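Single-structure report; data block below.
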Protein chains: 2
Amino acid sequence: MTTQTRATLEDVARLAGVSSKTVSRVYGGAASVSPTTREAVLSAAKRLRFRPNTLARSLRSGGVTNTVAFVIGDIRNPFYFHVAAGIERELAERGLTMILATTDDSPDSESVVVDALIAQRVRALLLIPISDDQSYLEGERQLGMPVISVDRPARDLVADAVVLDNRSGMAEAVRSLTAIGHRRIGFVSNPSEMYTLHERLTGYREALREVGVTDTARWERLDNDPSITAEEAVRSLLESDDPPTAIVTGNNRATTGAMRVLRERGGDVALIGFDDFELADMLGISVVAYDTMELGRAAARLTLERLDDPTGFTRQVVIPTRLVQRGSGEIPPPAA
Amino acid sequence: MTTQTRATLEDVARLAGVSSKTVSRVYGGAASVSPTTREAVLSAAKRLRFRPNTLARSLRSGGVTNTVAFVIGDIRNPFYFHVAAGIERELAERGLTMILATTDDSPDSESVVVDALIAQRVRALLLIPISDDQSYLEGERQLGMPVISVDRPARDLVADAVVLDNRSGMAEAVRSLTAIGHRRIGFVSNPSEMYTLHERLTGYREALREVGVTDTARWERLDNDPSITAEEAVRSLLESDDPPTAIVTGNNRATTGAMRVLRERGGDVALIGFDDFELADMLGISVVAYDTMELGRAAARLTLERLDDPTGFTRQVVIPTRLVQRGSGEIPPPAA
DNA sequence: AGCCGGGATGTCAGCGTTGTCTCGACGTGT
DNA sequence: ACACGTCGAGACAACGCTGACATCCCGGCT
C-alpha cells in the first residue's frame, strides 16, 4: 500500500498514458501541452505524490542549482545571523535558497568547506573571509561563479564586497567625544579580525589627530590574546598613570565588557561602542550602529547583480554607520 | 587559456590516460587503485581544477544527498538561530550540510517551502511547525524521510520531536514566587505560538492551584492581538482592581516589555521571564532558562538516529529548563 | 605446464531530467 | 484536391557519475 520508492516522470507518464517528455513539459512550463493532457498529468502526479527531482534537472541543464552558499566563521555570533537573515530574505525573492556553512573560525578549514560547497555546485559563494588568502577561488571566479566578500574584503582575489564604513563610523564617535572636551580617549578591542579592527583604529587615530592628539598608543588596548578579556583591558587602562576620560570599543563584546567595568566603578567615564546590541537603549549605551540585515541584503543584491552580469566590474558596497547617542557617550570629561 | 567549462571525470581521465571509472575510484575511496595511477589521476585533476559533482553522484546513487533542511518561521528571531547553530554543529560532525529555509511565519507557505526542499532531495527535514497541520508530510515519512519537529510537536503527524519542559519550567518559576509569599501573580505573554503558550500557562495555573489559588483568569494577559504590546498588558494589569504582586512572562519579548514598564514604575513587583536573554544578568532579571543550542543539537541527534534506523519508534526529547535567580524574581510581596 | 585467485582496470548501462529532432494530425488558402 | 504551416506529442540522447560485470595480468600452486 505504501509506495516504496519515489515517483519519477516515467511513473507519472505511465499512469497518465503519455510520454515522460510530456510530463516534463507540464512541469517545465513554456512548451505547449493541451489542457486535457495537462490535467491528466497533474492528477496522475498528485496521485503518485510526484516531486520533480531538482538534482536531475540541474545535472541535465549544465549543473546550475538555485542554491547560494554563505560561509561564516562561527554560527553563534549574532552578528552573522542578522547578516544571514538579510541574505536569505533577498535571495528568497529570486527563488534562491541559502545554505549556511561554517568554518568554526579556523582559517584552514575555509578552503575545505568551500570545496565541498563547490562540489555541490552552488550558484554563488558569499563568504566572510577568515583565511588570509582567498586566491584559491580565482579558478571558480573565472568559471563564472560569483564570489562576494562580506564584512571585509577578500585577500588576493578580485571580488565584489560589502563592508561597513568602519573608519568614518569610529571617527564620528571619537569626534563626538572630542567635541565635548575629551582628549584622553581609550580604544579597547577584543581579539578580533584584522581588517575591521585596523579600519576602526585608523578612524580613532584620525579623529584624535584632528584635535592635535597624536600619541595615542598608550590608550590603545587591542590585545589579540584571547585570554585577556576586555574587562581586564579596561581595568588596566583606568588604573594606568594617564587614565582616559572616555573609552571607545572596537566591537560589541568589548562594549559589554567595558560596560560592566564602568558600571561597577561608578559612572564618570564616557563610553561609545561599535556595533549596536539589544537592550543598549535600556542601558543607555551610545553606539556606532548600522543596519546589520542590510549588510546581508546588499551582499545578496551584489550576488544577483553578478549572476546577471558575470563579466561586469566588481564593486564594493559600503554600508553607512550612524552614531546613536543614549547617554554613555555624552558624559563630559571631569574638568571642563 | 582559461577553461571555459568545468572539468569532469572524463576530462581528468583523458589527461591521466585512464578510464573515467578509475578516476571515479580514486575519489570514491574504497576500491583498489595502484599508487602510480592514483598519483597520475590526482595530478591531472589538480591541473584541471577538477571538483567532483555531488549532484551527479547523488543522482546515480539513489538520489540521496547530504543536505538536511531546517525550516523556520522568521530568520530574525535569535532563538531560531541558536537552534540552527546547534543543528549545524551536530550535523557537520557527520558530514551533513544544513540548509536554512524560512516561511516568513506564514502557515500557508510552510508546505510550499517544504515542497521545494523535497524537490532538492534533502536527506531529512527539521522544522518548527507553524501551520496547524503537518499531515501533508505523511507521504514523505513513509518514503523514509526523517521528519523532526522542533520546539513544538507536529500536528496530525507521527514525528520525532524536541520540546522544552515548558510546563514544569513555568511551574517552577511560579512556585518560587509562591514560596516567598506571592499569591496574586500575573501571566503576560506576547502574541505567540499556541503550543508553548498553552504549556506554560498550564504550568502557571498548576503551581498556583497548589497553593489554593484557582481563579487566575483576571491575572492572565495573553492577547494574541499583535497590536497589544506586552507593555500595555502589564500596565493594564498593574492598574486593575486587583493588581498582582508578581509577574511571569511567556516569552522573552514579553519579558523585555514587562521589564521596561516595571523599571519606569519603580521596583516592588517581582518578575520572572521565560527564555533567557543577553545581559539579563546585568539587568538582574530572573528567568527560566534552557540551553538553546542544545535544543538544536538534540534535534540533530534525533535526525541522525532516524537516519540510522528509519523504522524505529519515534521519540520525543524534552529539554530541561532551570530557574536562574538574579534578583527580580526574589522580590517579596509588599505585606509579608 | 596448466590452473586458479585476486588485484588493477575497463565497458556499459542507467540514475531522472530536458534539449533536439521528428512525426502525425489538423486547419487554411488557393 | 493539394501544399503548407502549426501544434501537440513522442523517441532518443546526454548531463556526470557509479554499480555491476567483464577483462587482463601475474604470481603461486599442483
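Side chains are part of it too, since the values below use all heavy atoms of this structure and drop only hydrogens, waters and symmetry mates. Just so we're on the same page: letters track the sequence lines, and every chain starts at 1. Just so it is clear, the structure is predicted and the values come from calculations on it, not from any experiment.
Each of Thr22(B) and Arg121(B) has a nearest nucleotide on DNA chain C; the 5'-most of these lies closest to Thr22(B).
Regarding Glu10(B), its CD atom lies at a distance of 12 Å from the P atom of dT18(D), rounded to whole Å. One atom, CD1 of Ile118(A), and another, C1' of dG16(D), lie 17 Å apart when rounded to the nearest Å. As a whole-Å value, the separation of Arg51(A) CZ from dC15(C) P is 21 Å. In this entry the distance linking CG of Leu9(A) with P of dA11(D) reads 14 Å, nearest Å.
Within the structure, salt bridge (Lys or Arg N to Asp or Glu O under 4.0 Å) pairs that include any residue of residues 119-139 of chain B comprise Glu138(B)-Arg141(B) (at least two apart or interchain). Sorted by first and then second residue, the pairs that involve residues 32-67 of chain A and meet ring pair (Phe, Tyr, Trp, His ring centres under 6.0 Å), not counting sequence neighbours, are Tyr27(A)-Phe50(A). Within the structure, side chain to side chain donor-acceptor pair (under 3.5 Å) contacts touching residues 105-120 of chain A (residues at least two apart or in different chains) are Ser106(A)-Ser109(A), Glu110(A)-Ser131(A), Glu110(A)-Gln134(A), Glu110(A)-Tyr136(A), Asp115(A)-Arg51(B), Gln120(A)-Thr97(B). For residues 146-155 of chain B, the set of pairs meeting the salt bridge (Lys or Arg N to Asp or Glu O under 4.0 Å) definition, not counting sequence neighbours, comprises Arg152(B)-Glu193(B).
Remark: Ala116(A) pairs with no residue by the side chain to side chain contact (heavy atoms under 4.5 Å, CB included) rule, at least two apart or across chains. Remark: Thr8(A) pairs with Glu10(A), Asp11(A) by the side chain to side chain contact (heavy atoms under 4.5 Å, CB included) rule, at least two apart or across chains. Residues passing the salt bridge (Lys or Arg N to Asp or Glu O under 4.0 Å) test with Asp160(B), sequence neighbours excluded: Arg306(B). Shown here are the salt bridge (Lys or Arg N to Asp or Glu O under 4.0 Å) partners of Arg315(A), two or more places apart in sequence or in another chain: Glu305(A).
Summary of helix geometry: the two end axes of the helix from dA1(C)-dT30(D) to dT30(C)-dA1(D), each defined by five base pairs via their C1' atoms, are inclined to each other by 50° (rounded to 10°).
Residue Pro52(B) places its side chain closer to dC17(D) than to any other of dC17(D), dT18(C), dG10(C). Out of dG10(C), dT17(C), dG10(D), the shortest distance to the side chain of Arg25(A) is found at dG10(D).
In this structure, Ser24(A) does not reach the dT17(C) phosphate: none of its side-chain N or O atoms is under 4.0 Å from OP1 or OP2. Residue Ser61(B) places none of its side-chain N or O atoms closer than 4.0 Å to OP1 or OP2 of dC17(D). Of the side-chain N and O atoms in Thr8(B), none sit less than 4.0 angstrom from OP1 or OP2 of dG16(D).
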Side-chain donor-acceptor pairs under 3.5 Å in residues 56-64 of chain B, sequence neighbours left out?
from     : atom 1 : to       : atom 2 : distance (Å)
Ser58(B) : OG     : Thr54(B) : O      : 3.0
Ser58(B) : OG     : Val64(B) : O      : 3.3
Ser61(B) : OG     : Arg57(B) : O      : 2.6

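Taking every heavy atom of residues 53-60 of chain A and every atom of DNA chain D, pairs under 4.0 Å involve Leu59(A), Arg60(A), by number.
Donor-acceptor pairing under 3.5 Å, judged by distance alone, is present between the side chain of Lys21(B) and the base of dG19(D).
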With the criterion being N/O to N/O and under 3.5 Å, what pairs connect the protein with nucleotides 6-8 of chain C, and how long is each?
from   : atom 1 : to       : atom 2 : distance (Å)
dA8(C) : OP2    : Ser32(B) : OG     : 3.2

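With hydrogens and angles disregarded, a donor-acceptor distance shorter than 3.5 Å links the side chain of Thr303(B) to the backbone of Ala299(B). Using a distance-only test at 3.5 Å, with no hydrogens or angles considered, a donor-acceptor pair links the side chain of Ser149(B) to the main chain of Ala154(B).
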